[in-house]
Amino acid sequence: MTVDLSDYGASGNLLSNSDELGRIIRVDRGECDVISEKGTVRAISDSNRSQGEVAPVTGDWVKLIMNPEVGTVINEILPRKNKLSRRDPSDERVEQVLVSNVDLVIIVHGIDRPLPPGRIERLLTLAWDSQSEVIVVLTKVEERDELLEETIRTIEAIAPEVSIVAVDSANTSDPGLVKIKDMVKPGCTAALIGESGAGKSSLVNALLGGEIVETGEVRSGDKRGRHTTVTREILLCPDGGLLVDTPGLRSIGIWDAQESLKKVFADLEERSKDCRFSDCIHESEPDCAVIEDVLLGVLDERRLVRYQALLKELSDQQKKTTKRKNK
C-alpha cells in the first residue's frame, strides 16, 4: 500500500524527492521507524550522526538509502522548519530536541492538581520558542471542577492571549475535543507536553477514537503518574492531522529561549522601558520602574523573582555552552 506523505505534512519541494523521502515517526535506541511512500520502515542512523548535534529525532524529514549489508539507512536529515527543545536533564550544557517540524504545541495540565505559575511560565517559554501555535488544554475537568476557574485565572494572568480548552477526555462528544480536532487539520503536527499523569495519553486516545496508547494510574497522594509514554511517536488521526504524545516532563529547563521568555514576561519587558538604566536587572538600581511596581503592589514580587531566575538560567547556560565549545 502506497502512503501519501502529504498526510504526514510533506508539501512543495519535499514531495519532489518522495522516492527517497521519509519522516521519522519514532526513535528507539539509535534506530528509527520512518514512514515512507512504501509504508513504515525500520532505519538505522550511523553512529557518528546518532551522537552528533544533528541526531535524528521524531518529526525529522530524512532521505533514505538502502545499504545491502545493514538495510535501510538514514542518509541525510533535511533542514528543520522548527524544533521543540529543552535543556538536557542529564547535561545542562546540551540541548535536547523533543520533536521537530511542529505546527501546534498543546500544553496539557490535569486540574486534579494545582498549577504553579512558575511551571506554566516555563512550559509557555519552551512552547513559544518552537515558533509554533500554542494552546493550553485542561484535562480531568470531570474530577475537580472547583479547580477549573482558579487554573484558568492563573494562565490568563500570565498569558491572556493563549487559548485555553477544558476537556473531558471520557466524553467523545465533548466540545473541547471537537475544538482540538478542528485545530489539528490534515498535515498539521501537534505535540503534547506536560507532566506525567496530566492526561496526555487519555487525550490522544480520545482524539484518535480508541485505546491506541497506554494510560496509567495517578498516585492519590501527590497526583503524579508513571511514565506510560516512554518515547515520542507520531500518530495519524482518523480525519487527518498528526499527534505526538511525549513522555512526562519533570524537568523543564529552557534552552536559548530569550525571545520567547520576553513574550511570557511581556508586562515586565514593557515596564522595563521606564527604568533609568537600559540594562537594569531590577534588583537594587535607582529609579527602577519594575521595583517601583513591586513596592506599590502592582506586580507580584514572586513573578519578578521567577523572571530573574530564568534570565540567570539562560545566562549561565550560554556561558557553559560557550566554554564547552571552546575546549
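Positions are given from 1 along the sequence. Remember, it's a predicted structure, so these values are computed and weren't measured experimentally.
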Can you check whether P117 reaches R303 side chain to side chain, under 4.5 Å on heavy atoms?
-> no
So, D103 and K185, do they make that salt bridge, N to O below 4.0 Å?
-> no
Cluster link V167 to I135, ILVMFWY, side chain under 4.5 Å | yes
Taking T58 for its side chain and R232 for its backbone only, find out whether a donor-acceptor pair lies under 3.5 Å.
-> yes
If Ile, Leu, Val, Met, Phe, Trp and Tyr residues are connected whenever their side-chain heavy atoms lie under 4.5 Å apart, and connections chain through other members, are I120 and V134 in the same group?
-> yes
So how far is it from L236 CG to I25 CD1, rounded to the nearest 0.5 Å?
-> 9.5 Å
Only residue of K319, R306, R122 satisfying salt bridge (charged side-chain N to carboxylate O under 4.0 Å, His left out) with E313 is R122
Interatomic distance, I155 atom CD1 to H109 atom NE2 [nearest 0.5 angstrom] | 7.0 Å
Counting distance only, does the side-chain N/O of D60 pair as donor-acceptor with the main-chain N or O of V57 below 3.5 Å?
-> yes
Go through L242 and R23 one step at a time and tell me if the side-chain contact (heavy atoms from CB on, under 4.5 Å) criterion holds.
-> CA-CA 12 Å; L242 305 161; R23 191 175 191 191; 3.4 Å; yes
Can you list the steps and then say if L64 with I74 is a side-chain contact (heavy atoms from CB on, under 4.5 Å)?
-> CA-CA 5 Å; L64 303 170; I74 293 174; 4.1 Å; yes
What heavy-atom pair brings R26 and E233 nearest, and what distance separates the two atoms?
-> NH1-OE1, 3.1 Å
Indicate the atoms forming the closest heavy-atom contact of R80 with A55, along with that distance.
-> NH2-O, 3.1 Å
Using a strict 4.0 Å threshold on nitrogen-to-oxygen distance, state whether R42 and D28 make a salt bridge.
-> yes
Is the backbone N or O of I281 less than 3.5 Å from a side-chain atom of Q308, with the two atoms forming a donor-acceptor pair by type?
-> yes
Is there a side-chain contact (heavy atoms from CB on, under 4.5 Å) between L21 and L78 once you walk through the steps?
-> CA-CA 10 Å; L21 179 69; L78 299 180; 3.7 Å; yes
For K81 and S100, indicate whether the former's side chain and the latter's backbone hold a donor-acceptor pair under 3.5 Å.
-> no
Just by distance, with hydrogens left out, do D245 and S201 show a side-chain donor and acceptor under 3.5 Å apart?
-> yes
How close do L208 and C237 get, heavy atom to heavy atom, and via which atoms?
-> CD2-CA, 3.7 Å
State the CD1-CH2 distance between I35 and W61, to the nearest 0.5 angstrom.
-> 9.0 Å
Single-linkage hydrophobic cluster V99~W128, side-chain heavy atoms < 4.5 angstrom | yes
Using modelled atom types only, decide if a donor and an acceptor are shared between the side chain of D300 and the backbone of R302 within a distance under 3.5 Å.
-> yes
Main-chain N/O of V27 paired to T231 side chain as donor or acceptor, under 3.5 Å | yes
Closest heavy-atom pair and its distance - V41, S36 | CG1-OG, 4.3 Å
Supply the atom-to-atom distance Q258 CD to L261 CG, rounded to the nearest 0.5 angstrom.
-> 8.0 Å
Can you tell me if CD on E301 sees more than 12 non-hydrogen neighbours from other groups inside 6.0 Å?
-> no
Just by distance, do the side chain of T154 and the backbone of E150 share a donor-acceptor pair under 3.5 Å?
-> yes
Correct closest heavy-atom pair for I106 and A190 would be CD1-CB, 4.1 Å
So which heavy atom on L84 is nearest to which on A191, and how close?
-> CD2-CB, 4.2 Å
Should E259 and K262 count as an ion pair when the cut-off is N to O under 4.0 Å?
-> yes
Side-chain contact test, heavy atoms from C-beta onward, threshold under 4.5 Å: evaluate it for M183 versus C188 and give yes or no.
-> no
State plainly whether the residues D239 and K181 are in salt-bridge range, i.e. N to O under 4.0 Å.
-> no
So among T189, N101, N82, which one has a side chain to side chain donor-acceptor pair (under 3.5 Å) with S132?
-> N82
same_hphob_cluster(I65, I44) at 4.5 Å side-chain heavy-atom cutoff = yes
Go through the steps to decide whether D174 and S169 satisfy the test side-chain contact (heavy atoms from CB on, under 4.5 Å), and finish with yes or no.
-> CA-CA 7 Å; D174 183 86; S169 299; over 6 Å; no
Take the angle between the ring planes of F265 and Y307 and call it parallel below 30°, perpendicular above 60°, tilted in between.
-> tilted
Heavy-atom distance under 4.5 Å between the side chains of L310 and L314, does that happen here?
-> no
Student check: side-chain heavy atoms of L123 and V136 closer than 4.5 Å = no
From L311 CG over to D316 CG, what is the distance, rounded to the nearest 0.5 angstrom?
-> 11.0 Å
Nearest 0.5 Å please: distance from the CG atom of D168 over to the CG atom of L177.
-> 8.0 Å
V97 and V102: same hydrophobic cluster, using ILVMFWY side-chain contacts below 4.5 Å?
-> no
